[in-house]
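Comments concern the structure below.
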Amino acid sequence: MEILSSLNPQQRKAVEQTEGALLVLAGAGSGKTRVITLRIAYLIAEKNVPPYNILAVTFTNKAAGEMRERVKTLLQGQNLQSAPLISTFHSLCVRILRQDIEHLQEGYTKSFTIYDTSDSQKVIKACIKDLGMDEKQLSPRVVQSAISSSKNQGEDFEMYASKVEYTDERHAAIARAFKMYEERLNNANALDFDDLLIKTVRLLRASNEVREKYNNKFKYILVDEYQDTNPLQLALITFLTEKQQNICVVGDDAQSIYGFRQADIRNILEFEQHYPNANVILLEQNYRSTQTILDVADAIIKNNQNRKDKKLWTNNDTGEKIFYYQAFDADNEGRFVASKIEEHLRNNPKDKIAILYRTNAQSRVFEESLRRLRIEYNIVGGFSFYERAEVKDVIAYLKLALNPFDDIALLRVINTPPRGLGKTSLDELAFRAKDFGTSLWETLAVITDEKYEQPRNLTPRALEALRGFKKIIEKLSAQVSEAAQTDRVVSEVVIAAIEDTGYSKMLREENSDESEARLENLQELVNAAVDYDKQEADGLRDFIDHSALSSDTDKYDRNASVTMMTVHAAKGLEFPIVFLVGLEDGVFPHARSINDAKELEEERRLAYVAITRAEKILYVTHAMRRRVYGEEMAAEPSQFLNEMPLEMIHDLSRGSSWLSFAKSSSVKNNKHAAKVLRGEAETEKPRSTYAGKTYNSTDAIAEFFKMKKSSQESEVSGQEANSKPLSGFEKLKAAGSDQSKIQNPKSKIEVGLVPGSHVRHAKYGKGLVLRREGTGDNVKLTISFPGFGQKKLIEKFANLEQA
DNA sequence: GAGTCGTAGATTTTT
DNA sequence: TCTACGACTC
Ligand SMILES: Nc1ncnc2c1ncn2[C@@H]1O[C@H](COP(=O)(O)OP(=O)(O)OP(=O)(O)O)[C@@H](O)[C@H]1O
């Protein structure tokens, strides 16, 4: 088969060995995804496996879409009766449950609703309230994440509750909320994201018939990014491969970045225990990146204790050095990136460039700076189209029409547009519902009935409004079931949900820029439905499912020259030019992970993923100041920068930068200046804890600041594209020194502690002042103490000495 | 019941 | 900085 000629011998082996269990464990860019893709084509074209017997599972919709495309291209010209199923875990589960959930006998029907994260959050809030607790005592966020992580480990609320110590009030409260949450979802015939997996696993476990059915259907199973599977997903795969064991998984333990979703790399490392006859193939040649990029990625990942050493080599050139830029602040970082992108596109308009960041919130600055230069970009993730309020509203109408038990959908739309149904009426409705033990919809039907004899506790106006609402939904339901029978015209029902509900009327009457934009978004929704009608014609339900599962903007345009996304979203992709931005302690690695060795290692793997996305050119940038919650904060260069081999980095910053300092302090016989900077950490007991390492670059940075102070004039005027008359650094210095001299004469230190000053603290020892705010007795100082991190202290009480 | 205003609190990462 | 929710007014 000629397509195999594009493979190296190991890859080829992995493709040709179609029977039995196979693990392909290999580093970044070694062709794992290519193996999976070709394997699917090979099974179909060479082994004559019917496509419907093949299941390939990926992690994101984006990855599934890409793979579908590639397989399609490979199989062009073949006359196929069916297509292989290439889907995410979640879509696969929806597919199975839509067919067979009734076998589970838990009261769920095929018309179940999917609750997204915000829907579940609403349920949780209601539960907390109904348990007589305050959101401040028990935050919905905490409950939600507890429930989710418990579920992803395969637990139900009973298992969760059984683990709670009876003295542990807090967890007991979570357990109660968990229980109530489960009951409410069940009553609403609703499943959350995690339930999709849980229920499928439970279904496969409980029903021999169903298990048998899918074992017979999916004879060949392939899983990409296997290192990111969690115990539930493992269970799912295990059940699906009970009969046949034709399973091929590929992955790289160094790229495991979904620990927060309970992903467990033991799944991949212990694959041979799960499938004792498994073969293991290692791929060691990287086809993607330059040697320099691989060296840098490798240098970083080597700092992880918990890892499996893998070889990775490349025939590619050494390539360019890594480009580094220290920005003055986030805005300046954005300008730098945009201007570099402009330069690249001027030289080669076809360049494909990615901006990768740790959190979605960072995208804004880059959007603005690109827009300023009129550079087109597209952005993956963040708030998706389907998460917009107006879109969710319309979808909620449709969800309610499909599943009237969906209380969340009902509450969302019952008074949108305003129908004169306020808190009082809705409280009454909810109260009755609880009393009857039924859904809001059923309750509504009962109490609006002409023949209902009990006192209603509703104003005549409210009663009429409820009746009107009921009619609207009934009409919509009728249209929906009609459409379901004709198996088409999703778009018509969508239009009905926009028009006949009064929704568009409300927006037209509002007549603002805002409402204008919303109407446009709804038009987009109609367009999506029209497209959908043309392509799949799988009915309204499928359309709605799709909207729930694609919070990830999977229609990213691979032809666009600039794409921005989080590092997580970039997994599996590659770009000739990559900008990895915001490399600061607290941002990347994220502040939430910095104090936990395990989580810090995950951040480091994330850095590894980010760097290995680059094919030819990698830029790394960081800002010295960044706004956090609207507050300007001093930012330290990321420890991951410190872990890079500095001689491979080329400094593009104007003036002196952290890098130039780090390089200059290199001891002759030492390979990496970074090691020098790490100093004591190296001689310490080898990284038994990371607490001390977190700020171990502080000394370097402290000295850097000191240097900076003396050369401030040149540094500031050298800052590129800094249009403000006074740089922040100057302002900071000015504000700091003036205030401390004039308004704080009582201060122990007459000179005043300006940012950059060294101080000594009784408990934390030597530290460096990063920031000063407030006046008089209220002066607060942010000080970085090596080994203790940043502390915010009141100058008056801190008892600081100048060091 | 609807709309306005003020303030506390929040951000990882994805399905 | 932005948001989401609660108090307050009409
Ligand atoms: N044998 C080969 N010859 C030439 N190019 C190859 C070969 N195998 C893979 N490639 C190319 O290498 C690049 C990386 O491949 P692929 O995305 O499959 O790697 P991967 O192992 O899945 O990477 P990651 O783990 O980083 O997602 C792709 O551009 C692919 O086309």
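A quick note: this is a predicted structure, and the numbers were derived from the prediction, not measured. Letters A, B, ... are given to chains in the order of the sequence lines, protein chains preceding strands, and every chain is numbered from 1.
Taking atom C1' in both C:dC5 and B:dT12, one finds a spacing of 24 Å when rounded to whole Å.
At least one side-chain nitrogen or oxygen of A:N360 sits closer than 4.0 Å to the OP1 or OP2 atom of B:dT13. When the side-chain nitrogen and oxygen atoms of A:T566 are compared with OP1 and OP2 of B:dT14, one or more of them lie within a distance under 4.0 Å. Using a 4.0 Å cut-off, some side-chain N or O of A:N415 falls inside it from OP1 or OP2 of B:dA2. Remark: A:T424 is in phosphate contact with B:dG1, judged by side-chain N or O atoms under 4.0 Å from OP1 or OP2. Proximity of A:R141 to the phosphate of B:dT11: a side-chain N or O atom is located under 4.0 Å from OP1 or OP2.
A:K125 comes within 4.0 angstrom of the backbone, heavy atoms only, and of no base. Nucleic acid contact class of A:D116 (heavy atoms, under 4.0 Å, all strands): none. Among the heavy atoms of the strands, none lies under 4.0 Å from A:R461. Among the atoms of the strands shown, base atoms are found under 4.0 Å from some heavy atom of A:E599. At a threshold of 4.0 angstrom between heavy atoms, the contacts of A:F89 with the nucleic acid are absent. Using a 4.0 Å heavy-atom distance criterion, A:T117 is classed as a base contact.
At least one donor-acceptor pair under 3.5 Å links the side chain of A:D406 to the backbone N or O of A:A409.
Salt-bridge check for A:E574 with A:R613: failed, with every basic side-chain N at 4.0 Å or more from each acidic carboxylate O.
More than 12 heavy atoms of other residues, nucleotides or ligands sit less than 6.0 Å from atom CZ of A:R467. Counting non-hydrogen atoms of neighbouring residues, nucleotides and ligands closer than 6.0 angstrom, the CZ atom of A:R364 reaches no more than 12 such neighbours.
Comparing B:dT13, B:dT15, B:dG1 by their nearest atom to the side chain of A:T359 picks out B:dT13. Checked against B:dT11, B:dT14, B:dA2, the side chain of A:P418 finds its nearest nucleotide in B:dA2. Of the listed nucleotides (C:dT1, B:dG1, B:dT14), C:dT1 has the atom at the smallest distance from the side chain of A:Y629. Listed nucleotides: B:dT14, B:dT15, B:dT12. Nearest to the side chain of A:E603: B:dT12. Proximity note for A:R364 (side chain, C-beta onward) versus C:dC2, B:dT12, B:dT14: the nearest is C:dC2.
Straight-line distance from the CZ atom of A:R625 to the P atom of C:dT1: 14 Å, rounded to whole Å. Rounded to an integer number of Å, the gap from A:Q144 CD to B:dT14 P is 15 Å. Rounded to an integer number of Å, the gap from NE2 of A:H90 to P of B:dT14 is 13 Å.
In this pair, A:F260 does not lay its aromatic ring on the base of B:dT12; centres under 5.5 Å and planes under 30 degrees do not both hold. Stacking annotation: A:H590 is stacked on the base of B:dT12 (ring centroids less than 5.5 angstrom apart, interplanar angle below 30 degrees).
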Are A:F579 and A:F366 close enough, and set up right, to give a ring-ring contact (aromatic ring centres under 6.0 Å, His included), and what steps lead you there?
CA-CA 11 Å; A:F579 288 82; A:F366 297 98; 8.7 Å; no
- Task: Decide side chain to side chain contact (heavy atoms under 4.5 Å, CB included) for A:I128 and A:V143; before the verdict, give the C-alpha distance in whole Å, the side-chain angles of both, and the deciding distance to 0.1 Å.
- Result: CA-CA 9 Å; A:I128 291 174; A:V143 176; 4.1 Å; yes
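Contact annotation: side chain of A:R592 to base of B:dT12, donor-acceptor pair absent below 3.5 Å. In terms of polar N and O atoms assigned as donor or acceptor, the side chain of A:R261 comes within less than 3.5 Å of the base of B:dT14 in a complementary pairing.
Along DNA chain B, the nucleotide nearest A:R358 and the nucleotide nearest A:T459 are compared for position; the residue whose nucleotide lies closer to the 5' end is A:T459. Nearest-nucleotide mapping onto DNA chain B: of A:S139 and A:D194, the residue sitting toward the 5' end is A:S139.
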